[in-house]
*Asks:* 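Got a structure for you, written out below as structure tokens; questions coming shortly.
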Number of protein chains: 2
Amino acid sequence: MATTNRAATDRARPAYFAQLATERLDIALCRASSAVARAADAHATEEGLGVGQHLVLQMLDAVGPCSQQALSEELRIDRSVMVSICDDLEQSGHIRRERNPRDRRSYAVTITDSGRRRLAEAQASIPAFLEDTFRVLTPDERGQLSAILGKLLQPGNSGEQ
Amino acid sequence: MATTNRAATDRARPAYFAQLATERLDIALCRASSAVARAADAHATEEGLGVGQHLVLQMLDAVGPCSQQALSEELRIDRSVMVSICDDLEQSGHIRRERNPRDRRSYAVTITDSGRRRLAEAQASIPAFLEDTFRVLTPDERGQLSAILGKLLQPGNSGEQ
DNA sequence: CAAAGATTGTTTGACAGCAGATGATTGGCG
DNA sequence: CGCCAATCATCTGCTGTCAAACAATCTTTG
């Protein structure tokens with residue numbers, strides 16, 4: 001099946017991507033993110049709890065009842081997407097949407113016992129997932145990556161003035 | 001405007017995201033990528049040449065005529081997306097789609113002089129864009145990030161068999 | 001108190017990204 | 001040669017994401 005017999009049009013493509021990745025840090029970042037996001041999505045599907053749903057439960061458990069607005073801002077999830085995430089969680093009985101008596105425009109989204117149990121279950125599988133996804137990196141490199149991403153994400157870099 | 005007078009529901013949200021980002025490297029990566037992608041898109045729109053179009057011209061200039069298939073694989077752009085990218089480039093006169101005489105199923109996508117000029121023009125603005133986007137990182141950190149992303153992107157990590 | 005403006009949750013429409021099916025072509029194998 | 005699998009470009013439909021519009025509510029200002 002033409003191991004060495006490649007036409008001119010077909011020849012010169014050994015690892016052009018590697019070169020591109022070194023020149024265009026932005027492209028490399030996006031492609032790596034796509035791969036990781038795909039892995040996270042696959043893991044979430046297998047686990048039966050969407051990534052967004054997991055994050056919402058985790059934040060509610062950590063900081064207590066929140067408005068959808070607060071969840072959106074802190075988790076960097078669009079508020080119109082947050083609606084359906086909360087819809088699903090509510091239908092599963094993992095959260096309740098109580099009205100905030102101080103501001104009846106907003107909800108006080110509250111995690112239920114069922115939600116806490118589901119969260120604990122999902123949390124248990126995260127370390128293995130992370131270990132698997134970032135297996136190729138040494139602990140040092142993971143630390144570096146975390147620090148670098150932290151810098152890139154600090155406010156003022158893009159979007160939010 | 002309620003500087004200190006925050007209700008319980010509204011209180012406990014100072015920088016939960018920062019904590020999340022340190023625990024979930026995958027989420028941090030995706031959020032940072034979104035921000036960078038948004039910046040790249042804005043820059044491309046301003047420049048008048050889409051990111052994908054730019055990458056295609058750059059690869060054609062570097063390695064010579066290619067099939068859309070080769071472009072898709074090396075640039076990590078879905079082949080069905082590549083169709084419209086090439087449609088646009090062809091309509092602008094920056095590439096030609098000649099048939100590959102050795103395999104008439106595929107094209108030999110070829111960059112034109114117009115395309116080369118356009119590419120040079122677009123390339124000129126890339127260094128400033130990168131410098132601006134990754135301004136918060138030291139040269140050392142940029143090197144680390146490049147190396148780490150290279151590792152994450154090396155084949156076999158996810159997806160491809 | 002009344003009017004204007006801002007904020008919260010929601011719905012709608014547009015658009016990119018991707019999986020799968022299709023038509024044309026090639027190569028393998030009897 | 002004639003059939004079958006594989007490949008390339010393309011098209012179609014689905015899903016997820018985002019911007020903009022909307023109603024309800026709060027806040028500010030006169």
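Each chain gets a letter, A, B and so on, in the order the sequences are listed, and its residues count up from 1. Computation of the quantities below employed the complete heavy-atom set of this structure, encompassing side-chain atoms and omitting hydrogens, waters and symmetry-equivalent molecules. Everything numeric here is computed off the predicted structure, so don't read it as measured data.
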*Asks:* C/dT10, OP1 or OP2 - any side-chain N/O from A/Tyr107 closer than 4.0 Å?
*Replies:* yes

*Asks:* Is the base of D/dT25 touched by the side chain of A/Arg104 through a donor-acceptor pair closer than 3.5 angstrom?
*Replies:* no

*Asks:* Which one, C/dA6, D/dC18, D/dA9, comes nearest to the side chain of A/Asp78?
*Replies:* D/dC18

*Asks:* Is there a path from A/Leu71 to A/Ile77 through hydrophobic residues (I, L, V, M, F, W, Y) whose side chains come within less than 4.5 Å of each other?
*Replies:* yes

*Asks:* Between B/Glu73 (CD) and D/dA9 (C1'), how many Å, whole number?
*Replies:* 14 Å

*Asks:* Looking at D/dC8, D/dC11, C/dG9, which one has an atom nearest to any side-chain atom of A/Ser67?
*Replies:* C/dG9

*Asks:* Judged by atom type as modelled, is there a donor-acceptor pair below 3.5 Å linking the side chain of B/Thr112 to the main-chain atoms of B/Gly115?
*Replies:* yes

*Asks:* So which nucleotide from D/dC18, C/dT11, C/dT8 ends up closest to the side chain of A/Arg105?
*Replies:* C/dT8

*Asks:* To the nearest Å, give me how far apart CE (A/Met82) and C1' (C/dT11) are.
*Replies:* 17 Å

*Asks:* Identify which nucleotide among C/dT8, C/dT10, D/dC11 has an atom closest to any side-chain atom of B/Ser80, counting heavy atoms from C-beta outward.
*Replies:* D/dC11

*Asks:* Go through C/dT10, D/dC26, C/dG20 for me and flag the one nearest to the B/Arg79 side chain.
*Replies:* C/dG20

*Asks:* Starting from C1' on C/dT8, measure out to CZ on A/Arg102 and report it in whole angstrom.
*Replies:* 17 Å

*Asks:* So, A/Ser146 side chain and A/Arg142 main chain: donor-acceptor pair closer than 3.5 Å or not?
*Replies:* no

*Asks:* Whether the side chain of A/Gln53 engages the backbone of A/Ile85 through a donor-acceptor N/O pair (distance < 3.5 Å, no angle test) should be reported.
*Replies:* no

*Asks:* Side chain of A/Gln68 only, heavy atoms from C-beta on: which candidate in C/dG9, D/dC26, D/dA19 is closest?
*Replies:* C/dG9

*Asks:* DNA chain C: A/Asp103 or A/Ser34, which has the more 5' nearest nucleotide?
*Replies:* A/Asp103

*Asks:* With a 4.0 Å cut-off on heavy atoms, is A/Arg99 in touch with a base, just the backbone sugar-phosphate, or nothing at all?
*Replies:* nothing

